[in-house]
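Here's the structure, in C-alpha cells; my notes come after.
Quick note on labels: first sequence line is chain A, next is B, and so on, each numbered from 1. None of the values given here were measured: they were computed from a predicted structure.
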Protein chains: 4
Amino acid sequence: MSRGNTRQRIQDIALELFAERGYEKTSLREIAEQLGVTKAALYYHFKTKEDLVTSLFEDLVLGPADEVIAWAEARQPTTLETKLEILNRYSECISKATPLVRFIHENQAALRDLSVGEQMKARMFTLLKLIKDEDAALTDQVRCSSALFTMHSSLFTLESSGAGIEEKRQAALEVARELVTSAHHHGPAPRPAAETSSARHG
Amino acid sequence: MSRGNTRQRIQDIALELFAERGYEKTSLREIAEQLGVTKAALYYHFKTKEDLVTSLFEDLVLGPADEVIAWAEARQPTTLETKLEILNRYSECISKATPLVRFIHENQAALRDLSVGEQMKARMFTLLKLIKDEDAALTDQVRCSSALFTMHSSLFTLESSGAGIEEKRQAALEVARELVTSAHHHGPAPRPAAETSSARHG
Amino acid sequence: MSRGNTRQRIQDIALELFAERGYEKTSLREIAEQLGVTKAALYYHFKTKEDLVTSLFEDLVLGPADEVIAWAEARQPTTLETKLEILNRYSECISKATPLVRFIHENQAALRDLSVGEQMKARMFTLLKLIKDEDAALTDQVRCSSALFTMHSSLFTLESSGAGIEEKRQAALEVARELVTSAHHHGPAPRPAAETSSARHG
Amino acid sequence: MSRGNTRQRIQDIALELFAERGYEKTSLREIAEQLGVTKAALYYHFKTKEDLVTSLFEDLVLGPADEVIAWAEARQPTTLETKLEILNRYSECISKATPLVRFIHENQAALRDLSVGEQMKARMFTLLKLIKDEDAALTDQVRCSSALFTMHSSLFTLESSGAGIEEKRQAALEVARELVTSAHHHGPAPRPAAETSSARHG
DNA sequence: TATGAATGAGTATTCATTCAT
DNA sequence: TATGAATGAATACTCATTCAT
C-alpha cells in the first residue's frame, strides 16, 4: 500500500497530535491508531517517542534556525540592518512550521526533559544574543526577548481576528522590528541606577 | 503534629513542583512524599488533582485578576491612563505569584484539559479587550497581546541578567506600557490595505 | 439536634443504599454524606461496615425467621398444614423487610464473605428442611426450594404489573403453597431410576 | 509459549473467579496472577474489566438465548407445546454455562452497572413474555417467572443432594414445565376478586 | 516492514478503618 | 456523641518499550 512514506506520515500525524493535545497527553497508541498501524510499527521508524519528536524539530526548526544563525554570524559585528534581516528570515522560517512552534510554546514544561528542548533553547539564546547588544539595559533585553516571543506566539494567537496567516506574520514582524529597533538605538545600559522609566524611543 | 496548616503546605509544595516539573510530570505521589504524608492525605484536602491545581489558581491569580478587571470596568470608556494603570496593577498582582505564572506559561497544553485553564484564558481575553481598542489594526492587536505576554514571561525569563525580581517587573512593565501606548495612539485600523509598515510611534 | 436516633437513621439510609446500589458499591462515605455526618460518626455506632449490615439482618430477618422456625420446630412431625402455615408466617415476616430481601437476593456474592450471610443461609436451610420431606425426590426438592425463592423474589420482581405489595405477596404465597403441597403429596423419592418426567400430582 | 489461546485462558480463569468470588471482589490482579501474566496482558486482550465480563456473556448466554428467542418468535402465536419447548431449549443452553448462570444470579447488584446486565435482563423479559400469556393473572405471572428462576437456580443449588448436573437440570425442567403448564391453562386473568386460592390444575 | 503479545513501572483515585480531641 | 486528619492497601487502567516472528 503505502510505499516508503510511512515515516513521513508518522511525523505528520504526530506533529498534529502533539500540537493539538500536548506531548505527554499524546500516546504512541493514539498516533498508531490514527495511522492504522501498530505501535510496534512506530518503533521500526523511530527508536523512542523522544526520537520521534526530535526528528520533527530537526527537520522543521533546528535546521532552518541554524541557517539564519550561520548567515548572521558571518556578518558580524551586527548592525541594525542585520538584526532586522535576522527577524525577517527567522519569521519566514518559523511560519512554515506553525504547528511545531505552537507545540514548543505550549509544551515548555515537557521540553525540559527532552534533549531537543535544550537545543531549541540554545538556538533562541543565540538569536537573542545576535539581536541584542551586549550590556543592553534590562528594558532593552526585554524588548529583544519580546520581539522573538511575539513572532512565535502571533502565529497561533489572534484567532479571533479573521486575519490570514501571512497577515499575522507581517504584523508580528513589524512589531518585532520596532522593538529591536528601539532597543538598538538605546545602546548599552546607562550608568546603573539611571534606569528612568519615561519614554525615550525614536 | 502540624495543626491546620497541612492544606497550605500541600499547596506550597504542589505549586513548587508543578512549576518546576510541569503538571503532568508531577504525580501526587511525589507531592505526598515531599510532604511526608500519604497520597490519601492529599485526597482528604483536595478532591482531585485538578481540584488542587484549581485552588492555586483561585487564590493566586483568578481572584487578583478579577479585582483588576472590576476596577477597570468601573472606569469605562477606557482612556490611555486607565490602560496603563491596568498594566501597573496587573503587573503587581502577578509578580506575587511568579511560580504560578511560570506554570501557566509552560503548561498551556495541560491547561487545555483543566477547567481552570478556560477561566484563566477568559481573564486574559477580558484584560486584552480592556487595553486594546475595538477595531484596532492587526499590528496594534499584536502590540497589546505582546504587552501582556511580556509582563508574564519576564517574571521568569532573563535569568542570565542578574536582575532582581522587582527590577525585572519594572522593565517588563515599561516595555508593556510603551506597546500599549503605541497601540493606543494609532486608533482604529486604517482604511484596509493602507497597512504601511514604517515607524509611526509618538 | 437528633436525639438518640442516629443509630436508627444510619440503618435506614444504609439499608436503602445497600439495596439500591449493592453492598460493595455502597461506601461508608456515601452513607455518611447522605446523613450529613462524618464517616467517623458511623464508627461510633457500628464497629465495622460488616457490623452495620449485620445489625440490619438481625433486626429485620434473622429474628423473625427464628420465630417462625421455633414455632415450627415445636410442632413436629410436620404435617402439610404446618408446612403451609410456615409459608404464611414466613411470607408475612419478609414482606415487612422487602428492601433487605432484595438486598439478600442481589448480593449473594458479597454475602459469602459476611458471617451474617452464613447465618442467613442456615435459616434458609432449616426452613427448607421443615417444608421438605427427608428423602424427597429431586423434583420435590426443587419444588420446595422454589417455593421459598418465589416468595423472596416476588417481593421486588413483577414491577411491570401494577400490583400492590400485598397483592404480590398473596400471589407468591399461593404459588409457593401449591409447590409445597405438590411436593408433600408425592412422599419420599420412589425407587431410584423410576424418576418419570410426566405429571403426577393430585 | 502458549500460542493464541491466551484470550481463552483469560476468559476461563475470569469466569471461574467471577463465579466463585463475585464480580467486584475479583480483581484483575488476581486473574492475572492465576494466569501467570501481568495485568497489562489482560488489557491487551480486553479493553476493560467490563469488556472481559461482556465477552463471557456474549459467548455463553446472550448468543444461545437469542437463538431460543428467534426460534420461538418464528412460531407465534405461542401454544403450550411451544412454551414447553422453549423451556427445554433454554434449559439446555444454560446448562452449558452453569458458572456464568451462577454468576448472574449472585451478582445482580453488580450487573446493574454493567451494560451487559441490561442486555441479559432484556432477554429474560422476552423469554418471559413468550411463556406467559398477556393479561395473565398475577399468580400465573409468578408461576412463569418462577419457572425461569427455578431452572437457573437449580443449576447450582441443591449441592447437598448428591445429584448429577443432568439430573438436576431434568428435575428443574420438570418443575418449570408444570408451572408454565399450570399458568397456561388458567388463561387470562379472571374477573378481578375471583382470585381463589385452591387447586385448579389440569 | 511490520505485527502480536507481553511487560514493568507508573497513574489517579477509593476504601474501610483508626485515633486524638 | 461526634469530628478532623490521616493511613495502608487496594483498584482499574495507561504508557513507553521490547522482541520473536
Side-chain angles (χ1 to χ4, degrees), chain A residues 1-7 10 24-32 35-52, chain B residues 1-7 10 24-32 35-52, chain C residues 1-7 10 24-32 35-52, chain D residues 1-7 10 24-32 35-52:
Chain A
M1 285 187 194
S2 53
R3 296 189 324 282
N5 60 336
T6 300
R7 194 188 144 96
I10 294 174
E24 346 237 7
K25 280 274 200 176
T26 303
S27 71
L28 295 185
R29 176 174 53 70
E30 268 175 300
I31 297 175
L35 235 95
V37 298
T38 358
K39 266 185 295 173
L42 305 188
Y43 277 90
Y44 177 79
H45 294 281
F46 301 94
K47 238 173 37 199
T48 63
K49 190 186 184 185
E50 176 162 1
D51 209 50
L52 170 50
Chain B
M1 287 192 192
S2 49
R3 269 223 348 290
N5 61 332
T6 301
R7 195 189 142 96
I10 294 173
E24 344 238 7
K25 280 276 200 174
T26 303
S27 72
L28 294 185
R29 177 180 52 72
E30 269 175 300
I31 297 175
L35 237 97
V37 297
T38 12
K39 269 180 294 170
L42 304 188
Y43 279 92
Y44 177 75
H45 294 282
F46 300 95
K47 241 172 33 200
T48 63
K49 191 185 183 186
E50 176 162 0
D51 207 50
L52 170 50
Chain C
M1 284 190 195
S2 52
R3 295 189 325 283
N5 60 336
T6 300
R7 193 188 144 96
I10 294 174
E24 345 237 7
K25 280 274 201 176
T26 303
S27 72
L28 294 185
R29 176 175 54 69
E30 268 175 300
I31 297 175
L35 235 95
V37 299
T38 355
K39 266 185 293 173
L42 304 187
Y43 278 90
Y44 177 80
H45 294 281
F46 300 94
K47 240 173 37 198
T48 65
K49 190 186 183 184
E50 176 161 2
D51 210 51
L52 169 51
Chain D
M1 289 189 193
S2 49
R3 269 225 349 289
N5 61 333
T6 301
R7 193 189 145 95
I10 295 173
E24 345 238 7
K25 280 276 200 175
T26 303
S27 71
L28 295 186
R29 177 179 52 72
E30 268 175 301
I31 297 176
L35 236 97
V37 297
T38 13
K39 268 179 294 168
L42 304 189
Y43 279 93
Y44 176 76
H45 294 281
F46 300 95
K47 242 172 34 201
T48 63
K49 190 185 183 185
E50 176 162 0
D51 208 50
L52 170 51

Check the phosphate of E:dT1 against A:Tyr44, side-chain N and O only, distance under 4.0 Å to OP1 or OP2. Yes or no?
no
In B/S/- notation (B base, S sugar-phosphate only, - none; protein heavy atoms under 4.0 Å), nucleotides 16-21 of chain F written 5' to 3' is BBBB--
[atom1] of [X] versus [atom2] of [N]: gap in Å, rounded?
| X | N | atom1 | atom2 | result |
| --- | --- | --- | --- | --- |
| B:Asn5 | F:dA5 | CG | P | 10 Å |
| D:Leu52 | F:dC13 | CG | P | 10 Å |
| C:Ile31 | E:dC15 | CD1 | P | 11 Å |

Between C:Ala41 and B:Val37, just flag the one whose closest nucleotide in DNA chain F comes earlier from the 5' side.
C:Ala41
Assert: residue with more 5' nearest nucleotide on DNA chain F, out of C:Leu42 and B:His45, is C:Leu42
Calculate, to the nearest 0.5 Å, the distance between atoms [atom1] and [atom2] belonging to [X] and [Y] respectively.
| X | Y | atom1 | atom2 | value |
| --- | --- | --- | --- | --- |
| A:Thr6 | A:Leu42 | OG1 | CG | 10.0 Å |
| C:Lys39 | C:Lys49 | NZ | NZ | 12.0 Å |
| B:Asn5 | B:Arg7 | CG | CZ | 12.5 Å |

Where the side chain of C:Thr38 meets the backbone of C:Ala41, is there a donor-acceptor pair that is under 3.5 Å apart?
no
Any donor-acceptor pair under 3.5 Å from A:Thr48 side chain to A:Glu50 backbone
yes
Based on Watson-Crick and G-U pairs with both distances under 3.5 Å, what dot-bracket line describes DNA chain E 5' to 3', crossing pairs as [ ] and inter-strand pairs as |?
.||||||||||||||||||||
Of all heavy-atom pairs between D:Lys47 and D:Asp51, which one has the smallest distance, and what is that distance?
N-OD2, 3.3 Å
For D:Glu24 against C:Lys25, the heavy-atom pair lying closest together
OE1-CG, 3.7 Å
Which nucleotide sits closest to the side chain of C:Thr6: F:dG4, E:dA2, F:dA2?
F:dA2
Quick one, C:Ile10 and C:Val37 - any side-chain contact, counting heavy atoms below 4.5 Å?
no
